[in-house]
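Just so it is clear, the structure is predicted and the values come from calculations on it, not from any experiment. Side chains included, hydrogens not; waters and symmetry mates left out as well; all remaining heavy atoms used. Note that the numbering runs from 1 along the sequence shown for the chain.
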Amino acid sequence: MSRIFVTRPIPEAGLALLRGAADEVEVAPTGPTDSTPREAVLAGARSADVHVSLLTEAVDRELLESNPRLLGVANYAVGFNNVDVAAATGLGIPVSNTPGVLTDTTADLAWTLLMSVARRIVPADRYMRAGKYRIWGPSLMLGADVSRGGDGRRKVLGIVGFGRIGQGMHRRAQGFEMRVLAHDPPMKALIEARDDVEYAEFDDLLAASDFVTIHTDLNPTTHHLFGAAAFRRMKATAYLINTARGPVVDEAALVDAIRGGEIAGAGLDVFEREPAFEPGLAELDGVVMLPHIASASVATRDRMATMCAENAIAHLRREPAPNCVNPEVYETSAYRQRTGSP
């Protein structure tokens, strides 16, 4: 009897596929805004053939070793920092994710944050709702241009991380006639081969940009990449946008930088210790904060669910998953032993 365990509810589009493929699909009875207790996650994993996880649940060595018949982990996310991939590979367990589908949706949200902080949309909305609007005036809710605007100057967008989403931001910037700088050392040759974007070293990008948007992954070299030193290099009129990973930004240093006038503000969809955020951040007028909704469109979340399910079903059938992040696992003796493959 085949069994799939899902650590938290995912859209029905994916659950329906899972139910059609497995004898039993157990979804942890967790509310949409609640976390699943660790013991419940472990209990579900111990008796499952495939473990479907979200970024909010750790898939560590303890979990992976708890079930010798576990055939795979299907992560409902592009990122997989919550999974110990090295341990999974060593144990012969393939791990999959849901890449690509959320590129445009996330770039849309990042651009929304950029426009919101530049034009002070959230403070203006609060101002209206509070009944404070009495008369139009030339100094009311002054913001920053994203296009050439009043001074006719091309604004500069600095993109840190020029993968799918970073390139999506570049495409959107073209409509605003922005000059685009990009920093991504592994992508340097690709960037330099183009004539519509300029490669820049990190410090140079910070110094030149009116807006800096983060689209890098989280690893030891990018943890707190944006700290006090980085903020000192930025323009006092610049804004920081982060829809990537929270720990890329030192939030305490960010609060200090905005309070001290080193940068103008920030638009954040991810946080260093999510769901918590740095004290003082919410009181800053130049900050817009969102609850990790970059991929939150109906169509995108449904497609993520079906991709996740397709990966999970491949794990269940002992077939290569369409989006396996450790494909080398299929050539290991540990995988062959776990799956009974010749």
Side-chain angles (χ1 to χ4, degrees), residues 8 31-35 54-56 77 79 81-82 105-133 139-144 146 157-158 160 165 169 206 209-216 218 222-297:
R8 288 176 58 206
T33 60
D34 298 322
S35 60
L54 278 71
L55 276 175
T56 45
N81 297 103
N82 60 311
T105 306
T106 300
D108 284 350
L109 192 281
W111 198 263
T112 300
L113 281 171
L114 188 153
M115 294 294 296
S116 295
V117 294
R119 296 304 304 270
R120 305 194 63 196
I121 298 301
V122 173
D125 178 81
R126 287 198 300 259
Y127 185 83
M128 288 293 294
R129 291 174 187 271
K132 295 180 179 179
Y133 183 44
S139 299
L140 182 62
M141 292 292 166
L142 295 179
V146 178
L157 176 66
V160 178
I165 300 171
M169 287 296 283
L206 296 180
S209 298
D210 298 294
F211 302 91
V212 177
T213 184
I214 303 172
H215 303 288
T216 185
L218 177 62
T222 62
H223 183 268
H224 281 191
L225 178 64
F226 285 83
F231 297 132
R232 284 195 295 269
R233 296 185 185 103
M234 292 173 65
K235 294 180 178 181
T237 54
Y239 292 90
L240 180 73
I241 309 298
N242 189 13
T243 56
R245 290 289 177 263
V248 175
V249 176
D250 180 342
E251 279 181 27
L254 176 63
V255 170
D256 289 343
I258 297 173
R259 280 178 175 166
E262 290 180 329
I263 67 172
L268 307 172
D269 185 51
V270 290
F271 301 88
E272 189 173 357
R273 294 172 295 279
E274 198 169 313
F277 51 84
E278 185 68 23
L281 199 58
E283 287 73 48
L284 295 171
D285 191 48
V287 173
V288 174
M289 300 190 298
L290 303 177
H292 204 145
I293 60 170
S295 63
S297 76

Asks: Rounded to the nearest 0.5 Å, what separates atom CE in M115 from atom OH in Y239?
Replies: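 Between M115 CE and Y239 OH, I get 12.0 Å after rounding to 0.5 Å.
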
Asks: If we only count heavy atoms from C-beta on, is the L114 to L157 side-chain gap below 4.5 Å?
Replies: yes

Asks: Is there a side-chain contact between L55 and R245 in this structure, where contact means two heavy atoms from C-beta onward sitting under 4.5 Å apart?
Replies: yes

Asks: Could you state the interatomic distance from OG1 (T112) to CD1 (I121), rounded to the nearest 0.5 Å?
Replies: 10.5 Å

Asks: Decide yes or no for M141 and R119: does some side-chain heavy atom of the first lie under 4.5 Å from some side-chain heavy atom of the second?
Replies: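 No, side chains not in contact.
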
Asks: According to salt bridge (charged side-chain N to carboxylate O under 4.0 Å, His left out), who are the partners of D256, at least two apart in sequence or on a separate chain?
Replies: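 Residues passing salt bridge (charged side-chain N to carboxylate O under 4.0 Å, His left out) with D256: none at all.
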
Asks: Name the residue from V117, L290, N242, L113 that meets the side chain to side chain contact (heavy atoms under 4.5 Å, CB included) definition with L268.
Replies: N242

Asks: With distance as the sole test, does E251 use its side chain to make a donor-acceptor pair with the main-chain N or O of E272 at under 3.5 Å?
Replies: yes

Asks: Return the minimal non-hydrogen interatomic distance between A238 and I263, and the atom names on each side.
Replies: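 Shortest heavy-atom separation between A238 and I263 comes out as O-CB, 3.6 Å.
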
Asks: With a 4.5 Å heavy-atom cut-off, do F277 and V255 have their side chains touching?
Replies: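 Counting from C-beta outward, F277 and V255 never come under 4.5 Å.
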
Asks: Is a side-chain donor or acceptor of D210 paired with a backbone partner of V146 at a separation under 3.5 angstrom?
Replies: no

Asks: For the residue pair F231 and A257, what are the closest heavy atoms and their distance?
Replies: CB-CB, 3.6 Å

Asks: Do other residues, nucleotides or ligands put more than 12 heavy atoms under 6.0 Å from M128 CE?
Replies: no

Asks: Does this structure show an ion pair linking D285 with R120, if we count only N-O contacts that are shorter than 4.0 Å?
Replies: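 Looking at D285 and R120, the cut-off is met.
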
Asks: Quick one: CG on L206 to CZ on R232, what's the gap to the nearest 0.5 Å?
Replies: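 So the CG of L206 and the CZ of R232 are separated by 12.0 Å.
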
Asks: Rounded to the nearest 0.5 Å, how far apart are CE of M234 and CZ of F226?
Replies: 6.5 Å

Asks: Measuring from atom CE of M289 to atom CG of L281, what distance do you get when rounded to the nearest 0.5 angstrom?
Replies: 5.0 Å

Asks: Rounded to the nearest 0.5 Å, what's the gap from OG1 on T243 to NE2 on H292? Could you check?
Replies: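 The OG1 atom of T243 sits 9.0 Å away from the NE2 atom of H292.
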
Asks: Heavy atoms only: give me the nearest A228-A253 pair and the separation to one decimal.
Replies: N-CB, 3.6 Å

Asks: Please name the pair of heavy atoms, one in I214 and one in A244, separated by the smallest distance, quoted to 0.1 Å.
Replies: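 Of all heavy-atom pairs spanning I214 and A244, the closest is O-CB, 3.5 Å.
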
Asks: Locate the shortest heavy-atom distance separating A236 from G261; write the atom from each residue and the value.
Replies: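 Looking at all heavy atoms of both residues, the closest pair is CB-O, 3.5 Å.
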
Asks: Identify the heavy atoms of R259 and G280 that sit nearest to each other, and give their distance.
Replies: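 Closest pair (atom of R259, atom of G280, distance): NH2-CA, 3.5 Å.
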
Asks: If you draw a 6.0 Å radius around CZ in R129, do more than 12 non-hydrogen atoms from other residues or ligands fall strictly inside?
Replies: no

